[in-house]
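Everything on this sheet refers to the single structure shown next.
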Amino acid sequence: MHSPPASPSASIRTILPLAFVTGVSMAAMDLYLPAVPALQAGMGISVPLAQATVAVYLAGLAGAQLLWGELLNRLGPRRCVEVGLLLLVLTSLGCALAPNIETLLVLRLLQGVSAAAATVVAPTVVRATLADADVVRGIAAISMVEAIVPAAGPVLGALMLRVTDWRGTFWVLAALALLLLPWVVKIAPRRLPGLNLEHDAGYLGILRNRSYLRLAGSHALCIGALLTFLASAPQLLQHTLGLGTAAFALLQVLGVGSFMLGASQSGRLAAHLGHARVVRLGSVVQLVACTLALLAAWSGQQLPYAAVAAYWMCFCGALAIRGPATFVDALALPPAQMGRATALLVLALLAAGAVGTQLVAPFLGHADSAVPVFAGVLIQLLVSAALVWRYPVVQPVKA
């Protein structure tokens, strides 16, 4: 599909608000995480109940992907963003005022539903509205925000707890969403350019597209590998290396720094080398880094922290290079299919992360837990690379 031409300033005006709304939606998880123990103490509830406020948010986020994918064509991007942000404001205010854990759980579920609007609308609008030369950079910019928030969110959340209780987190979230609302609503289009509802826009039609399935599956497994390692890293560092939270924080900083560096160059590399070569290059770097880490863990010697850090930096940098190109090509579809295709893709990557995390979870807590973690990540990366090694032909599709 040929995207409409766009000037650099127009691209920036489109990307920045959508990147920020994605960041605020993610902050509903990452800014809140340090407040979970304070919530437990403040409400006098058990650890499982406190952790349930995280689980129900993720359930709402994943479950609502298909809902917003369906609503995007019916309501349009502007209305979807408006409804999503308003719901985020209201649910955040409700969480701040929640009198009991039951009310808080319901509101956190709805908060996840509201946050899902950004994960569907933002990349779809960027893909549909920016010129071909800008779209990889646009997706990379959103990815950079998505990398920063998980690293900075918990730090800022912990600092906030010095001056307020857990309810203060939700007051801040409500204020941020409210401030973004007029800016994002102003820039988001009323409908996707070139939208033609006569196209087969249903989910079954999208799933019959083999190129989409291969590209989306490859990207989902790559993100699933990232989530699998990220969720396992605290236990891995503690039980295998004998290190604490400071080591994990440093690992996050190194990973985000590498991702930012890679994302800043992804658009240029994609334009110079082509999407297929960029994706293969990123895949090779990830596979080599993970294989070396697995061999180091399998050697029987103490796994050095430097080896884990080197692997993570290579993985994140390579993901930033290959990820935007894969995502953009997966959404090379008629505008009528883009919203639902984005929803399916995000749902798939969340599912891949959840499955990978659970498969390696039984092996954590032991001194040799590094081997199953890196093996689980490597399997996902191998399948991810196999899906795109013979790169699918991305056909231009007229709206």
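All residue numbers in this chain count up from 1 along the given sequence.
Every ring-ring contact (aromatic ring centres under 6.0 Å, His included) that Phe327 has, sequence neighbours left out, goes to His219. Annotation: ring-ring contact (aromatic ring centres under 6.0 Å, His included) contacts of Phe170 (sequence neighbours excluded): Tyr32.
Between the side chain of Tyr305 and the backbone N or O of Ala247 there is at least one donor-acceptor pair closer than 3.5 Å. A donor-acceptor pair is defined here as one N or O able to donate and one able to accept, closer than 3.5 Å; no such pair exists between the side chain of Ser266 and the backbone of Ile321. A donor-acceptor contact shorter than 3.5 Å is absent between the side chain of Trp312 and the backbone of Leu230. Side-chain atoms of Thr91 come within 3.5 Å of backbone N or O of Leu87 as a donor-acceptor pair. With Ser264 contributing its side chain and Leu261 its backbone, the two residues share a donor-acceptor pair below 3.5 Å. Side chain of Arg340 to backbone of Tyr203: no donor-acceptor contact under 3.5 angstrom is found. Between the Thr240 side chain and the Leu237 main chain, no donor and acceptor come within less than 3.5 Å of each other. Arg322 contributes no side-chain N or O that, together with a main-chain N or O of Val278, makes up a donor-acceptor pair within less than 3.5 Å.
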Exercise. Begin with the C-alpha distance, continue with both residues' side-chain angles, and end with the deciding distance and a verdict on side-chain contact (heavy atoms from CB on, under 4.5 Å) for Leu88 and Ser92.
Key: CA-CA 6 Å; Leu88 185 60; Ser92 297; 4.1 Å; yes
Quiz prompt | side-chain contact (heavy atoms from CB on, under 4.5 Å) between Tyr391 and Arg277, intermediate numbers included | solution = CA-CA 9 Å; Tyr391 205 74; Arg277 289 181 179 177; over 6 Å; no
Quiz item: Can you check side-chain contact (heavy atoms from CB on, under 4.5 Å) on Cys222 and Gln380, steps first, answer last?
Solution: CA-CA 7 Å; Cys222 185; Gln380 293 184 78; over 6 Å; no
Exercise. Could you check Phe20 against Trp183 for ring pair (Phe, Tyr, Trp, His ring centres under 6.0 Å), going step by step and ending with a plain yes or no?
Key: CA-CA 10 Å; Phe20 286 145; Trp183 188 22; 5.7 Å; yes
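Each salt bridge (charged side-chain N to carboxylate O under 4.0 Å, His left out) pair with one or both residues in residues 73-84, not counting sequence neighbours, appears once here: Glu70-Arg74, Arg79-Glu82.
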